[in-house]
Amino acid sequence: LSEHQRDLLEARVVSREGRPTDAERLYRTILGNHPEDVEAWTQLGEVLSHSSHLTGRSAAESRRPWEKALELEPDSALAMWHLVRVEALDGREAELRALVGRLLELTPEAERVYELRAIRAFMTGDRREQEQLLSELDGVADGVVTLIAWNLALVTDDLEGGAAVARELTTPQRSPRARAVGHSVLAFQEVARGSWETARTHLDRAEAAAPQLGLAHRAYLASFDHVPATPEELASIRDRLLAWRPSREEQTVE
C-alpha cells in the first residue's frame, strides 16, 4: 500500500477500536495533505456522526465533512442520508425537505425510504404523513422499523413518535426477537423520560420474548449512572450474565 492508503487504513482501524478522538485527528491530518480525498471526508463524517455518545459532542458537527463529501460526489446517497439527520438535529426544515426530495428521487424503491419519510414527517409535524407512515409499517422489515424508532428519538427529539414506531415491533405478527427489540427500544425511551419502573416492565417483556437479548439490554440500561437500580438488582443481573453461555446466534446483540 502507498503511504496515503496506509494512513487511511490506520485511521479506519483506530475508529473501529472505539477511539474517535484519535481517529478524527488522523483523518484531519490526511485531509491536510489530501484535501480532495472523498474517502477521508466520508470517514471523518462517520466518526463525528456516530461517536457523539463517546465524546459528548453533537452529531451535527459532522455537517462540514458530509457537505464536502457531497461536493466531491454530488450523487452520494450516503452523504445525503447523514445530512438529513444533521438538518433534523439543527431544525432546518427547508434544507431537510430538499435533501429528502433528492434522496427519494435517487432511491425511490429502497426500503429505508420509510426512514426518510419518518424523519421528515415527525420533524415537520405533518400529522397526515405521520399517520400514513405508521399505517404502512406492518410490512416493513424489523431492522428498518428499529432504525426509524431510534432516529425519531435521536435526531428529531420526538420520543412519542419513536415510541409509536417501536410499538409496531411489539405486535404479535413480529418475530420474538423483533418483539424483544421493540420492548428494549421502549425501555431506553422510558429511561430517557426518567421512568425506570416502566422501563423494567418493557425489559421483562423483552426477556419473555428473547431472554438473552432482553438480559443484555437490561444490563446496559441498569449500568447508567442516573438509573436507580438497587444493589440487589445489579447483583442479580451480574450473576445471570456470568451464567450465560451464548449460542452462536446469540453472540450478536443489537
Side-chain angles (χ1 to χ4, degrees), residues 8 11-12 14-16 18-28 30-32 35-108 110-126 129-130 133 143-162 165-166 185 188-189 192:
L8 284 170
R12 188 68 173 268
V14 167
S15 174
R16 293 298 184 183
R19 297 158 52 197
T21 302
D22 291 336
E24 179 183 356
R25 174 180 53 79
L26 290 169
Y27 282 123
R28 292 195 185 279
I30 293 168
L31 289 165
E36 303 300 302
D37 186 339
V38 68
E39 175 68 11
W41 282 115
T42 296
Q43 292 306 322
L44 176 59
E46 293 279 10
V47 169
L48 296 176
S49 294
H50 302 296
S51 299
S52 56
H53 63 294
L54 297 174
T55 62
R57 296 158 64 186
S58 171
E61 291 186 33
S62 67
R63 174 184 294 282
R64 171 59 178 158
W66 290 121
E67 287 180 339
K68 186 63 178 179
L70 191 59
E71 176 186 319
L72 294 168
E73 288 187 353
D75 288 332
S76 171
L78 180 64
M80 282 187 270
W81 272 100
H82 283 84
L83 279 171
V84 164
R85 298 185 181 103
V86 171
E87 303 299 6
L89 284 166
D90 283 344
R92 296 177 18 149
E93 184 175 324
E95 291 83 354
L96 182 142
R97 286 185 180 278
L99 278 169
V100 170
R102 287 179 65 188
L103 274 167
L104 292 177
E105 289 178 3
L106 282 172
T107 58
E111 194 166 35
R112 288 188 67 184
V113 160
Y114 289 101
E115 189 180 344
L116 289 173
R117 289 174 54 203
I119 292 174
R120 180 177 63 186
F122 284 90
M123 188 263 187
T124 62
D126 187 331
E129 189 173 8
Q130 291 172 20
L133 179 85
V144 175
V145 178
T146 304
L147 281 172
I148 294 171
W150 280 119
N151 273 306
L152 290 182
L154 291 172
V155 304
T156 71
D157 201 29
D158 189 335
L159 291 180
E160 290 300 329
V165 172
V185 172
F188 274 83
Q189 294 182 346

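These figures come from a predicted structure and were not determined experimentally. All residue numbers refer to positions in the sequence shown, counting from 1.
Taking a cutoff of 4.0 Å between a charged side-chain nitrogen and a carboxylate oxygen, R102 and E105 do not qualify as a salt bridge. Between R12 and E39 there is a salt bridge, with a side-chain nitrogen of the basic residue lying less than 4.0 Å from a carboxylate oxygen of the acidic one. Contact check on E95 versus R63 returns no salt bridge, with no Lys/Arg side-chain nitrogen under 4.0 Å from an Asp/Glu carboxylate oxygen. Ionic pairing of E93 and R120 is not present here: no N-O contact between side-chain nitrogen and carboxylate oxygen is shorter than 4.0 angstrom.
Closest of all the heavy-atom pairs between P35 and K68 is O-CE, 3.9 Å. Nearest heavy atoms, S58 versus S52: C-CB, 4.3 Å. Here the closest non-hydrogen pair linking A40 and L31 is CB-CD2, 3.6 Å. Nearest heavy-atom pair, V47 versus P20, reported as atom, atom and distance to 0.1 Å: CG1-O, 3.6 Å. For A59 against V86, the heavy-atom pair with the smallest separation is O-CG2, 4.2 Å. Scanning all heavy atoms of the two residues, the minimum distance from S62 to G45 falls at CB-O, 3.7 Å.
W41 has its side chain out of reach of Y27: every pair of non-hydrogen atoms, C-beta onward, lies at least 4.5 Å apart. Between E160 and Q189, the closest side-chain pair of non-hydrogen atoms is not below 4.5 Å. Under the 4.5 Å side-chain criterion, counting only non-hydrogen atoms from C-beta, D37 is in contact with L8.
Of the candidates L147, I148, V185, I148 is the only one forming a side-chain contact (heavy atoms from CB on, under 4.5 Å) with V165. Evaluated for a side-chain contact (heavy atoms from CB on, under 4.5 Å) with W81, the options L103, V100, I119, L99 yield exactly one hit, L103.
For the atom pair L48 CG and R64 CZ, the distance stands at 12.5 Å (nearest 0.5 Å). Annotation: the span from R25 atom CZ to T21 atom OG1 amounts to 9.5 Å, rounded to 0.5 Å. Here the straight-line distance linking atom CG of L83 with atom CG of L96 works out to 10.0 Å at 0.5 Å rounding. Here OG of S51 is found 12.5 Å from CZ of R19. Values are rounded to the nearest 0.5 Å. The distance from the CG atom of L154 to the CZ atom of R85 is 9.5 Å, given to the nearest 0.5 Å. Rounding to the nearest 0.5 Å places CG of L152 at 8.5 Å from CD of Q130.
Other residues, nucleotides and ligands contribute at most 12 non-hydrogen atoms within 6.0 Å of the CG atom of D157.
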Please step through side-chain contact (heavy atoms from CB on, under 4.5 Å) for the pair M80 and L106, ending with a clear verdict.
CA-CA 11 Å; M80 282 187 270; L106 282 172; 3.2 Å; yes

Verdict with supporting geometry, R57 and E24, side-chain contact (heavy atoms from CB on, under 4.5 Å):
CA-CA 13 Å; R57 296 158 64 186; E24 179 183 356; 2.7 Å; yes

Walk me through it: do R97 and E87 pass the test salt bridge (Lys or Arg N to Asp or Glu O under 4.0 Å)?
CA-CA 9 Å; R97 286 185 180 278; E87 303 299 6; over 6 Å; no

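Listed by chain and number, the residues in a salt bridge (Lys or Arg N to Asp or Glu O under 4.0 Å) with E46 amount to none (sequence neighbours excluded).
Using a 3.5 Å distance cut-off with no hydrogens or angles, the side chains of W66 and S76 do not pair a donor with an acceptor.
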